[in-house]
Amino acid sequence: MYEHKVQYYESDGMGITHHSNYIRWFEEARVALLEYLGYPYEEIEQQGIGSPVLTANASYKASTRFGDVVQVAARVTGYTGVKLFLAYEVYNKATGILCCTGETSHCFTDRTGKPVALRRVWPELHEVFATAAQAES
C-alpha cells in the first residue's frame, strides 16, 4: 500500500485536499504497484513501452486535509493484453476512513504511440498483468 502525506499546496481555500490530487495519488500508487510487481515504470519506458491513461474517475467519500497521511491501495482489476484496468482506494491512515475510490484504464503503446500487444512484445510483463487480473476475478 502506498502512503502519501497531504501537502499544504494540495489543499484548497476551504482547507481540504483539492479533488485533482487524488488522481495524482492514483498515479503514484500505480507506479508503486509496478515496482512491487517487479517492473518499475522506468524499466517499462526503457523497453519502449508507454501506458497512457485512457480514463480516470474518482468518487469522493470523505475529506482529507493538510498533514493527513493517506494510504492508497491500487490493484489490477482487468487486463486484455492491450488495455490495463486498475482500481484504487484512498484511506485516511489515522482514522481508517475510506476517503476516495477510483479507477483508471490504460493502453500500451510503442515509442511512436501505436498500440502494442504485450503478449507479443513483452511476454513476461503480459503474464504478470494477466495473473494479477485473474487473481482479482
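We use all heavy atoms of the structure for the numbers below, so side chains are in, but hydrogens, waters and symmetry mates are not. Numbering starts at 1 and runs along the sequence shown.
In plain terms, the two heavy atoms of F26 and N57 that are nearest each other are CE1-O, 3.6 Å. Of all the heavy atoms in Y8 and F66, the pair that sits closest is N-CD1, 3.0 Å. Shown here for R65 and V6, the closest heavy-atom pair between the two residues is O-CB, 3.3 Å. Between I97 and A62, the closest heavy-atom pair is CG2-CB, 3.8 Å. Residues N21 and R24 come closest through the heavy atom pair OD1-NH1, 2.8 Å. Residues A74 and R30 come closest through the heavy atom pair CB-N, 4.5 Å.
Although no hydrogens or angles enter the test, the distance criterion places a donor-acceptor pair under 3.5 Å between the side chain of T17 and the main chain of T64. When atom types are taken as modelled, the side chain of D12 and the backbone of I16 share a donor-acceptor pair closer than 3.5 angstrom. Using modelled atom types, no side-chain atom of S59 and backbone atom of T101 make a donor-acceptor pair closer than 3.5 Å. E10 places a side-chain N or O within donor-acceptor distance of the main-chain N or O of Q7, the cut-off being under 3.5 Å.
Residue K93 holds its NZ atom at 13.5 Å from NE2 of H4, rounded to the nearest 0.5 Å. Annotation: the span from D68 atom CG to N92 atom CG amounts to 4.5 Å, rounded to 0.5 Å. One distance of note links CD of Q47 with CD of E42; it measures 12.5 Å at 0.5 Å rounding. Residue H106 holds its NE2 atom at 8.0 Å from CG of L54, rounded to the nearest 0.5 Å.
Criterion: ILVMFWY side-chain heavy atoms under 4.5 Å apart, direct or through other members. Under it, L86 and M1 are not part of a common hydrophobic cluster. Residues V31 and L33 do not share a hydrophobic cluster, clusters being chains of Ile/Leu/Val/Met/Phe/Trp/Tyr side chains in contact below 4.5 Å. Using a 4.5 Å cut-off between side-chain heavy atoms of Ile, Leu, Val, Met, Phe, Trp and Tyr, with links allowed through other members, L34 and I23 fall into the same hydrophobic cluster. The hydrophobic cluster containing V69 does not contain V90, counting ILVMFWY residues as joined when their side-chain heavy atoms lie under 4.5 angstrom apart, directly or transitively.
Between Y2 and Y88, a ring centre-to-centre spacing not shorter than 6.0 Å is recorded. A centroid separation of less than 6.0 Å is found between the aromatic rings of Y79 and H126.
With a 4.5 Å cut-off on side-chain heavy atoms, S63 and C99 do not count as touching. Side-chain contact between R119 and E127 is absent, with no heavy-atom pair separated by less than 4.5 Å. No side-chain heavy atom of E27 sits less than 4.5 Å from a side-chain heavy atom of V53. Two residues are said to be in side-chain contact when any heavy atoms from C-beta on lie closer than 4.5 Å; E124 and Y39 meet this criterion. The shortest side-chain heavy-atom distance between F85 and T104 does not fall under the 4.5 Å cut-off. Proximity of V116 to I49: side-chain heavy atoms (C-beta onward) are separated by under 4.5 Å at one or more points. Looking only at side-chain heavy atoms (C-beta outward), W122 and I44 come within less than 4.5 Å of each other. The shortest distance between side-chain heavy atoms of S51 and L84 does not fall below 4.5 Å.
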*Mind running side-chain contact (heavy atoms from CB on, under 4.5 Å) on V121 and L118 for me, showing each step along the way?*
CA-CA 5 Å; V121 299; L118 286 183; 4.1 Å; yes
*Yes or no on side-chain hydrogen bond (donor to acceptor under 3.5 Å, both in side chains) for E89 and Y91, after CA distance, side-chain angles and deciding distance?*
CA-CA 6 Å; E89 294 177 331; Y91 294 91; 2.9 Å; yes
